[in-house]
Amino acid sequence: MNRQSDKDSSKNSRSKEGLNAKKSENFSEWYSQIIEKAEIVDLRLGIKGFVTIRPWGTLMIERLYDIFEKELQNKGHLPVIMPSVIPESNLKKEESHIQGFTPQVFWLETGKEGKNGKEERLALRPTSETVFTPMFALWVRSHRDLPLKLYQRGSVFRYDTKSTRPLIRGREFYWIECHDAFATKKEAEAQVQEDIDTTRKILHGKIGIPFLAIKRPSWDKFAGAEYTIGSDVLMPDGRLIQQPSTHFMGQRFSRAFGAKFTTKEGKEEYLYTTAYGPAMSRILVSVISTHGDDKGLVLPFEIAPIQAVVIPIYTVKNKSRILKYAGEMVKKLEANGVRTKLDSREDHTPGWKFHEWELKGVPLRIEIGEKELKGKKFTLFTRDTGVKTTVPLSKLDHIKKLGEIYDKRLKTRADNHMKGKIVSCKTKDEIRKALKEGKIARVNLCSTEKKGEKCAEYIEKEIGAEVRGTLAEKNEKPFGKCIICNNSADAVAYIAKSY
């Protein structure tokens with residue numbers, strides 16, 4: 001196999017299998033192509049709102065699960081496995097919760113037996129406050145049992161009636177949900193801040209996705225919460241996608257389920273609870289969309305299933321020597337903690353392999369041919385820059401460090417892309433202009449509490465966007481009157497289109 005034949009084969013495979021939509025010109029089509037051609041999902045089962053996630057996508061989701069679980073356990077969370085079904089009576093315990101989720105519930109038609117043998121409907125869990133809190137009532141007896149910080153990984157099911165989109169908006173999604181119980185409001189609100197820190201450490205720090213932590217308006221908070229803080233990521237088409245959200249429940253669910261504890265003073269008090277939900281399938285969307293380019297995926301080194309692929313380029317004469325040299329490199333890389341694959345398939349040319357691994361976003365590609373063998377070196381291709389360099393074999397143990405530098409580059413590029421994407425607007429036309437340019441509008445609003453809901457409805461109906469809320473970690477002061485009703489403003493709100 002020689003490099004000249006690579007070029008011809010690569011051209012043919014690109015025209016047949018490569019992306020033919022540009023991310024900057026038609027993001028929707030680019031996204032549809034990339035998740036199919038990079039073998040992330042398969043939609044051919046044809047079940048609305050449900051997707052088959054292929055091995056390449058699943059391996060990335062597993063990496064995300066591992067990273068989040070390690071961080072959560074480091075912060076005192078313990079794993080549990082909860083039932084996938086919830087009795088109807090549990091869902092009804094907290095009034096605003098059942099009102100918020102009933103339209104989205106999948107009800108089981110068989111097996112209606114409920115608690116204590118009583119016949120009642122069972123729901124596939126849309127979320128799990130109504131199974132965790134009853135267990136808190138059983139497991140927590142005194143202040144000595146607190147705080148109790150638990151999480152589970154799994155699926156939740158919501159009968160979303162809006163247009164579905166693979167991984168972005170569906171009826172089943174894969175996440176971790178944390179449910180925590182505390183003795184005081186102060187401790188519970190500190191957990192909300194810790195949840196934001198977890199999101200920042202992983203979403204931004206490890207996989208290079210910038211986001212805005214935004215406190216949702218009262219009309220858009222989680223059903224049953226006192227307040228919600230969501231992490232909004234700007235997509236290439238100018239829409240926001242919500243990533244991990246955290247909810248301060250106060251004592252609403254603990255009162256509904258009688259979840260009490262005995263204080264140091266011997267008094268009975270209701271627990272304060274919080275919930276946090278990073279969805280791995282949605283986070284994968286932001287990875288694909290933020291870092292990908294017109295050749296395919298560009299995966300962060302941190303979560304790439306294969307961090308370095310070694311491709312031998314040989315003839316019949318030197319095949320055994322090249323493969324031996326390449327195999328030794330793979331062993332050394334794996335010993336250094338680099339997830340490595342030797343692509344020694346004989347039914348594809350090197351050029352075909354180059355194209356495939358670029359499409360799948362593998363961060364580093366190592367090419368080994370006769371000149372590399374003789375010179376005791378290797379050719380290194382870096383996915384994000386597209387640059388090839390010749391590296392001495394003695395520097396092979398630097399690959400992991402290069403991966404860390406690679407991830408920092410992705411993060412910097414994503415941060416730079418966000419610059420100028422938030423625009424302060426003083427008129428409705430300025431809002432429309434910002435949204436048309438794929439930006440986020442920052443405005444004065446009369447309120448993000450109940451009295452501001454009419455202005456939010458105007459924005460939704462007349463401008464086609466949403467009031468996402470206010471910055472959670474910065475108390476911004478209004479700089480004028482409400483942009484809609486012209487009354488005194490008491491909030492600086494962020495407006496955007498969303499999924």
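Hydrogens, waters and symmetry mates play no part in the numbers below; they use all other heavy atoms, side chains included. Values in this document were obtained by computation on a predicted structure and should not be read as measured data.
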Backbone N/O of [Y] and side chain of [X]: donor-acceptor pair under 3.5 Å:
X: E172; Y: F157; result: no
X: Y65; Y: M60; result: no
X: K353; Y: R345; result: yes
X: Q243; Y: V233; result: no
X: T385; Y: V387; result: yes
X: N336; Y: V338; result: no
X: E120; Y: S89; result: yes

Is the shortest distance from a Lys or Arg side-chain nitrogen in [X] or [Y] to a carboxylate oxygen in the other one below 4.0 Å?
X: K206; Y: D407; value: no
X: E473; Y: R200; value: yes
X: K22; Y: E29; value: no
X: D293; Y: R383; value: yes
X: R365; Y: E367; value: yes
X: E437; Y: R432; value: no
X: K75; Y: E194; value: no
X: R153; Y: D66; value: yes
X: D232; Y: R468; value: yes

Kindly indicate whether the side chain of [X], heavy atoms from C-beta on, has any atom under 4.5 Å from the side chain of [Y].
X: Q307; Y: T340; answer: no
X: L43; Y: T52; answer: no
X: I214; Y: I229; answer: no
X: P126; Y: I86; answer: yes
X: T58; Y: W56; answer: no
X: D237; Y: Y499; answer: yes
X: Q152; Y: C178; answer: no
X: R442; Y: V423; answer: no

Would you give the length of the straight line joining atom [atom1] of [X] to atom [atom2] of [Y], rounded to the nearest 0.5 angstrom?
X: H179; Y: T133; atom1: NE2; atom2: OG1; value: 7.5 Å
X: S286; Y: I207; atom1: OG; atom2: CD1; value: 7.5 Å
X: T290; Y: I283; atom1: OG1; atom2: CD1; value: 11.5 Å
X: S344; Y: I368; atom1: OG; atom2: CD1; value: 13.5 Å
X: D384; Y: Y406; atom1: CG; atom2: OH; value: 5.0 Å
X: L78; Y: L72; atom1: CG; atom2: CG; value: 10.5 Å

What's the shortest heavy-atom distance between [X] and [Y], and which atoms?
X: K400; Y: G337; value: NZ-O, 3.8 Å
X: P236; Y: S289; value: CG-O, 3.3 Å
X: S128; Y: R125; value: OG-CD, 3.5 Å
X: L91; Y: A123; value: CD1-CB, 3.7 Å
X: I399; Y: F301; value: O-CZ, 4.3 Å
X: A493; Y: T448; value: CB-CG2, 4.4 Å

Is it the case that the side chains of [Y] and [X] hold a donor-acceptor pair, with the cut-off being a distance below 3.5 Å and no angle test?
X: N26; Y: Y31; answer: no
X: D195; Y: H247; answer: no
X: E69; Y: Y151; answer: yes
X: D160; Y: Q104; answer: no
X: E129; Y: T127; answer: yes
X: T273; Y: R252; answer: no
X: T379; Y: E372; answer: yes
X: Y276; Y: T199; answer: yes
X: N416; Y: K419; answer: yes
X: K215; Y: T228; answer: no
X: K149; Y: Q191; answer: yes

Query - Sole residue of V443, L471, L240 in side chain to side chain contact (heavy atoms under 4.5 Å, CB included) with Y494 - result: L471

Query - Greater than 12 external heavy atoms within 6.0 Å of K23's NZ - result: yes

Report task. Decide if atom NZ of K48 counts as having more than 12 heavy atoms of other residues, nucleotides or ligands within a radius under 6.0 Å. Result -> yes

Query - W352 and H348 aromatic ring geometry - parallel, tilted or perpendicular at 30°/60° bounds - result: parallel

Query raised in the report: Taking the inter-plane angle between the rings of Y159 and F106 on a 0 to 90° scale, is it parallel (under 30°), tilted (30 to 60°) or perpendicular (over 60°)?
Result: perpendicular

Requested in this report: Give the C-alpha distance, both sets of side-chain angles, the deciding distance and a yes or no for salt bridge (Lys or Arg N to Asp or Glu O under 4.0 Å) between D343 and K341.
Outcome: CA-CA 6 Å; D343 190 347; K341 179 179 178 62; 5.9 Å; no

Query - Test log, rule side-chain contact (heavy atoms from CB on, under 4.5 Å), inputs L359 and K37 - result: CA-CA 8 Å; L359 178 63; K37 296 186 177 186; 4.2 Å; yes

Report task. Can you run down the salt bridge (Lys or Arg N to Asp or Glu O under 4.0 Å) pairs that involve residues 331-340, sequence neighbours left out, and say none if there aren't any? Result -> none

Report task. Return the set of residues passing salt bridge (charged side-chain N to carboxylate O under 4.0 Å, His left out) with R239 (not counting sequence neighbours), or none when no residue passes. Result -> none

Requested in this report: Kindly determine whether E404 and K408 satisfy salt bridge (Lys or Arg N to Asp or Glu O under 4.0 Å), including the steps that lead there.
Outcome: CA-CA 6 Å; E404 294 171 4; K408 288 179 182 177; 5.9 Å; no

Report task. Output, in order, the C-alpha distance, side-chain angles, deciding distance and verdict of side-chain contact (heavy atoms from CB on, under 4.5 Å) for T130 and F253. Result -> CA-CA 8 Å; T130 56; F253 283 90; 4.2 Å; yes

Query raised in the report: After noting the C-alpha distance and the side-chain angles of E466 and K497, does the key distance pass the salt bridge (Lys or Arg N to Asp or Glu O under 4.0 Å) rule?
Result: CA-CA 6 Å; E466 298 174 4; K497 295 184 178 182; over 6 Å; no

